[in-house]
> 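After the structure tokens below, expect a handful of questions from me.
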Amino acid sequence: MSFPLLTATAALPAVGAIVTAAVPAGRRTAAKWTALLFSLGTLVLAGLVFARFEPGGDRYQLTESHPWIADFGVRYDLGVDGIGVALLGLTALLIPFVLLAGWHDADPLETHSSRWRPTQGFFALILMVEAMVILSFEATDVFLFYILFEAMLIPMYFLIGGFGDRAHAGSEENAAAQRSYAAVKFLLYNLAGGLIMLAAVIGLYVVAGSFSLSEIAEARANGSLEMAGSTEKWLFLGFFIAFAVKAPLWPLHTWLPNAMGEATTPVAVLITAVVDKVGTFAMLRYCLQLFPEASKWATPVILVLALVSIIYGALLAVGQRDIKRLIAYASISHFGFIVLGIFAMTSQGQSGATLYMVNHGISTAALMLVAGFLITRRGSRLIADYGGVQKVAPVLAGTFLIGGLATLSLPGLAPFVSEFLVLVGAFSAYPVVGIVATVGIVLAALYVLVLYQRTMTGPVRESVRAMPDLRVRELAVALPLIALLIFLGVFPKPVTDVVNPAVQHTMQDVQKKDPQPEVEAAK
């Protein structure tokens, strides 16, 4: 029996969560280093997965299959395609930076020493989320995926509600109430979507007689499994609504600004750069593969929703006074681009959407974490409380600028390549949709550059005059992310080579071909 590499990659952070939680209460530093070492070990295993994956090989590789709930046909089936490998690598890459950035976020409050913030619990919960997200990218059994899709809500609920942002304006009681509201709203939205998906999962089993993704897809492809048109549409909607909540897609997005605003900065990164990617990933793996005809049927409406997300999210980002909420609304706009690329049903669009998931994770992590360092120094999330920071903390301002320029997809930085591919793919199939989507680029430039101008330039405000620049630990977080943005901006080939074959499989699932350009014959 070969080494179960996929299981090990997901199991290591889960074991790390248990070990970290078991560290004695007075050993906070030991708990932090324990979590960090387990996350680095997971990154090494993810690197092995990436190295062993053969882009030109079978669709699902490194597969594992074991009986789980035999009476109901549920199996522990794992396997990764190119899209899963890319997002698994993104998750394993970002978690060490999340842990480093949150090194002191769960330490006891000095002014309220009786209010203990359990450091061990904070770091253990982050590792548990990592384990569930990685396993969700690996699962090829629909029921197993559903369990993971819902189970990751539990640690996220406690991370949002139990470890809030210390820069919250107002009293501690008001801050606690806002955290509780954000956590409950996050949980209710996602639970509602999950319950709808559960009904669709049961319906799929009744129709197909199996939870195996590969078996169902193969049966659909060879004609041995036929679904009535109305049945397929209802099942598709059950899955898609749950994924649209997780993504999030307008109008199911309203939980995200609350959750990101009230959570600690590392947890905000965990939400939008890691957990939310499960939703868009699942659209590619489950919606398009299991319900190809319904996916094409729903495409016009979904493209409209994606456009609304792009424009609406960008417009609200322009009007924000809170730094973290601005980045949250910007992420809603970016997820609109990802969904647009997926449902454009072109190879450029879907390759761009997958690459966008990876690049958005890195760029949002860079911008949000540096913004978190800024907020920690001043103790405020309000844009109006800053000014002239670049004169007293030039390295902080410089990394903040690069993260912001990546967010607006500046050429030479990683998100540009993915956004360009999405727009090319969308325009080739739906020219009007592609033209309208470009408005989001203009608005992105507006909210990013205005944010930088108001916080970093101009006269130095008295409240930031003594602000220190980035420290060694913070540089260890920011600089590698900036380097990755530049590297993937000029050389995205390592990711696209892995992703493109998987996209071709998806295009075959929906029986779509790229539109051919119309060329007038020479007279």
> Would you sort out whether Phe97 and Val269 count as a side-chain contact (heavy atoms from CB on, under 4.5 Å), showing the intermediate values?
CA-CA 10 Å; Phe97 296 114; Val269 170; over 6 Å; no

> Looking only at atom types and distance, does a side-chain atom of Arg473 sit under 3.5 Å from a main-chain N or O of Leu100, one as donor and one as acceptor?
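Answer holds: yes.
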
> Are there over 12 heavy-atom neighbours, none belonging to Phe158, within less than 6.0 Å of that residue's CZ?
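Count not over threshold, so no.
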
> Identify the two heavy atoms, one from Thr399 and one from Ile482, that lie closest to each other, and give their separation to 0.1 Å.
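Looking at all heavy atoms of both residues, the shortest contact is O-CD1, 3.9 Å.
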
> Which heavy atom in Ala17 sits nearest to a heavy atom in Leu127, and how many Å separate them?
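The answer is N-CD1, 3.7 Å.
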
> For Tyr430 and Thr299, test the side chains for any donor-to-acceptor distance below 3.5 angstrom and give the result as yes or no.
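Side chains of Tyr430 and Thr299: no pair found under 3.5 Å.
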
> Quick check: does any side chain N or O of Glu262 sit under 3.5 Å from a backbone N or O of Ala183, one acting as donor and the other as acceptor?
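No: the side chain of Glu262 does not pair with the backbone of Ala183.
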
> From the options Val422, Leu305, Ile302, Leu303, select the one residue that forms a side chain to side chain contact (heavy atoms under 4.5 Å, CB included) with Val339.
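Answer to the side chain to side chain contact (heavy atoms under 4.5 Å, CB included) test with Val339 among Val422, Leu305, Ile302, Leu303: Ile302.
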
> Rounded to the nearest 0.5 Å, what separates atom OG1 in Thr119 from atom CZ in Phe163?
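So the OG1 of Thr119 and the CZ of Phe163 are separated by 8.0 Å.
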
> Can you tell me which residue among Val267, Leu125, Ile126 is in a side chain to side chain contact (heavy atoms under 4.5 Å, CB included) with Met156?
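Option passing the side chain to side chain contact (heavy atoms under 4.5 Å, CB included) with Met156: Val267.
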
> Is there a donor-acceptor pair under 3.5 Å between the side chain of Ser351 and the backbone N or O of Gln348?
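Between the backbone of Gln348 and the side chain of Ser351 there is no qualifying donor-acceptor contact (under 3.5 Å).
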
> Is the shortest heavy-atom distance from the side chain of Met152 to the side chain of Lys246 under 4.5 Å?
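In contact.
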
> Nearest 0.5 Å, please: how far is CD1 in Ile441 from CG in Leu410?
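Separation between the atoms: 11.5 Å.
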
> When you measure from the side chain of Trp255 to the backbone of Val245, do you find a donor-acceptor pair of N or O atoms at a distance under 3.5 Å?
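Indeed, once roles are kept as given, a pair shorter than 3.5 Å links the two residues.
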
> What orientation do Tyr286 and Phe243 show, parallel under 30°, tilted 30 to 60°, or perpendicular over 60°?
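Ring orientation, 0 to 90° scale: tilted.
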
> Going by heavy atoms in the side chains, are His360 and Ser418 under 4.5 Å from each other?
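SC-SC contact between His360 and Ser418 ruled out.
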
> Report, as yes or no, whether the 6.0 Å neighbourhood of atom CH2 on Trp103 holds more than 12 heavy atoms from other residues, nucleotides or ligands.
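Count over threshold, so yes.
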
> Side chains of Thr407 and Thr364: does their closest heavy-atom pair fall under 4.5 Å?
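A side-chain contact is absent here, since even the closest heavy-atom pair is not under 4.5 Å.
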
> Could you walk me through whether Ile160 and Ile271 pass the side-chain contact (heavy atoms from CB on, under 4.5 Å) check?
CA-CA 9 Å; Ile160 297 169; Ile271 294 170; 3.9 Å; yes

> Are the side chains of Phe240 and Leu249 in contact, using a 4.5 Å heavy-atom criterion?
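Side-chain contact under 4.5 Å: yes.
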
> A side-chain contact here means heavy atoms from C-beta on lying under 4.5 Å apart; do Pro248 and Asp276 qualify?
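Touching, per the 4.5 Å side-chain cut-off.
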
> Does a donor on one side chain and an acceptor on the other come within less than 3.5 Å for Glu130 and Ser39?
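Their side chains do not contain a donor-acceptor pair, so the 3.5 Å distance test is not met.
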
> Can you see whether Ser331 engages Thr272 through a side-chain donor-acceptor pair at a distance of less than 3.5 angstrom?
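On atom types as modelled, these side chains qualify, holding a pair under 3.5 Å.
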
> Fit a plane to each ring of Phe281 and Phe137, take the angle between them on a 0 to 90° scale, and name the class: parallel (under 30°), tilted (30 to 60°) or perpendicular (over 60°).
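If you compare the ring of Phe281 with that of Phe137, the planes turn out perpendicular.
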
> If every non-hydrogen atom of Ala414 is compared with every non-hydrogen atom of Asn359, which pair is closest and at what distance?
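So the two residues come closest at O-ND2, 3.0 Å.
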
> Taking atom CG of Leu12 and atom OG1 of Thr42, what is their separation to the nearest 0.5 Å?
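Result: 4.0 Å between the selected atoms.
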
> Got a second to check how far Tyr356's OH is from Phe337's CZ, nearest 0.5 Å?
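Taking OH in Tyr356 and CZ in Phe337, the distance rounds to 5.5 Å.
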
> List the atom pairs, donor and acceptor, that lie under 3.5 Å between side-chain atoms in residues 138-149 and the rest of the protein, sequence neighbours left out.
residue, atom, partner, partner atom, Å
Thr140, OG1, Asp77, O, 3.3
Asp141, OD1, Phe143, N, 3.0
Asp141, OD1, Leu144, N, 3.0
Asp141, OD2, Arg75, N, 3.3
Tyr146, OH, Gly194, O, 3.4

> Do His505 and Gln508 have side-chain heavy atoms sitting under 4.5 Å apart?
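In short, these two side chains touch, coming nearer than 4.5 Å.
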
> What pair of heavy atoms forms the shortest contact from Ala101 to Val477, and how long is it?
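Minimum heavy-atom contact is N-CG2, 3.9 Å.
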
> So which heavy atom on Ala314 is nearest to which on Ser333, and how close?
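Distance-wise, the nearest heavy atoms are N-CB, 3.8 Å.
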
> Ala273 and Leu94: which non-hydrogen atoms are nearest, and at how many Å?
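Looks like CB-CD1, 3.7 Å.
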
> With distance as the sole test, does Ser295 use its side chain to make a donor-acceptor pair with the main-chain N or O of Cys287 at under 3.5 Å?
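Yes: the side chain of Ser295 pairs with the backbone of Cys287.
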
> If you apply the rule side-chain contact (heavy atoms from CB on, under 4.5 Å), what do you find for Lys185 with Tyr189, and how did you get there?
CA-CA 6 Å; Lys185 189 173 184 179; Tyr189 266 71; 3.8 Å; yes

> Can you measure from CZ (Phe487) to CG (Leu484) and round to the nearest 0.5 angstrom?
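Answer rounded to 0.5 Å: 8.0 Å.
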
> Starting from the C-alpha separation in whole Å, work towards a yes-or-no answer on side-chain contact (heavy atoms from CB on, under 4.5 Å) for Phe123 and Thr34.
CA-CA 9 Å; Phe123 284 86; Thr34 299; over 6 Å; no

> Spell out, as yes or no, whether a donor-acceptor pair under 3.5 Å connects the side chain of Ser309 to the backbone of Gly336.
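No, Ser309 side chain to Gly336 backbone: no donor-acceptor pair under 3.5 Å.
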
> Evaluate whether atom OH of Tyr60 has more than 12 neighbouring non-hydrogen atoms of other residues, nucleotides or ligands under 6.0 angstrom away.
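It does: Tyr60 OH has more than 12 such atoms within range.
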
> Taking the side chain as every heavy atom from C-beta outward, state whether Glu150 and Leu191 have any atom pair closer than 4.5 Å.
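Counting from C-beta outward, Glu150 and Leu191 do come under 4.5 Å.
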
> Report yes if the distance between the aromatic ring centroids of Tyr157 and Phe186 is under 6.0 Å, otherwise no.
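Tyr157 vs Phe186: aromatic centres not under 6.0 Å.
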
> Flag yes if more than 12 heavy atoms outside Trp234 fall under 6.0 Å of its CH2 atom; otherwise flag no.
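Not more than 12 within 6.0 Å, no.
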
> State whether the side chain of Lys324 and the backbone N or O of Ala263 hold a donor-acceptor pair below 3.5 Å, judged by distance alone.
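Yes; judged by distance alone, with no hydrogens or angles, the pair exists.
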
> About how many Å separate CD of Gln350 and OG1 of Thr506, when rounded to the nearest 0.5 Å?
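Between Thr506 OG1 and Gln350 CD, I get 5.5 Å after rounding to 0.5 Å.
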
> So, do His253 and Phe335 have ring centers that fall under 6.0 Å from each other?
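No, ring centres 6.0 Å or more apart.
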
> Return yes if some donor-acceptor pair links the side-chain N/O of Glu232 with the main-chain N/O of Glu293 below 3.5 Å, else return no.
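Present.
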
> Compare all side-chain heavy atoms of Val499 with those of Val358 and state whether any distance is below 4.5 angstrom.
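Answer no - side chains too far apart.
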
> In this structure, are over 12 heavy atoms from other groups packed under 6.0 Å from Arg52 atom CZ?
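Not buried by this count: 12 neighbours or fewer within 6.0 Å.
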
